[in-house]
Amino acid sequence: LNIIHCSALFQRFMCLSLNLLSFQMFQTLYGQTAAALYAKAAGQNAQARQLYNASADTYYKANDAAAYDDWVRARNHWDYFYNRS
């Protein structure tokens, strides 16, 4: 295993360990049903964060494409009038 792969495995292990620890803590404080709901909410929160980042990337790419298209249109417009005979 290379260092990057080991690092990813370690992070996943730590994340799972912390989730298990928080599940056990919530189970001790609130009971099994509440602990399961807290764990479900944490999972949904992580998914929402990933989806938000993906949508932000898509908006950035769309804005970049629109700006480029606008620049090409303006360049062609200028070129048309500059090179008219």
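- Rounding to the nearest 0.5 Å gives a distance of 4.5 Å between CG of Asp70 and CZ of Arg73.
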Enumerate, atom names and distances included, each donor-acceptor pair closer than 3.5 Å involving a side-chain atom of residues 53-69, sequence neighbours excluded.
{"unit_1": "Asn53", "atom_1": "ND2", "unit_2": "Arg49", "atom_2": "O", "d": "3.4"}
{"unit_1": "Ser55", "atom_1": "OG", "unit_2": "Leu51", "atom_2": "O", "d": "3.4"}
{"unit_1": "Ser55", "atom_1": "OG", "unit_2": "Tyr52", "atom_2": "O", "d": "2.9"}
{"unit_1": "Thr58", "atom_1": "OG1", "unit_2": "Ala54", "atom_2": "O", "d": "3.0"}

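- Ring geometry for Tyr82 versus Trp78: interplanar angle under 30°, hence parallel rather than tilted (30 to 60°).
- Remark: Gln32 CD to Leu37 CG distance equals 11.0 Å, nearest 0.5 Å.
- Applying the salt bridge (charged side-chain N to carboxylate O under 4.0 Å, His left out) test to Arg75 and every residue at least two apart in sequence or in another chain returns nothing.
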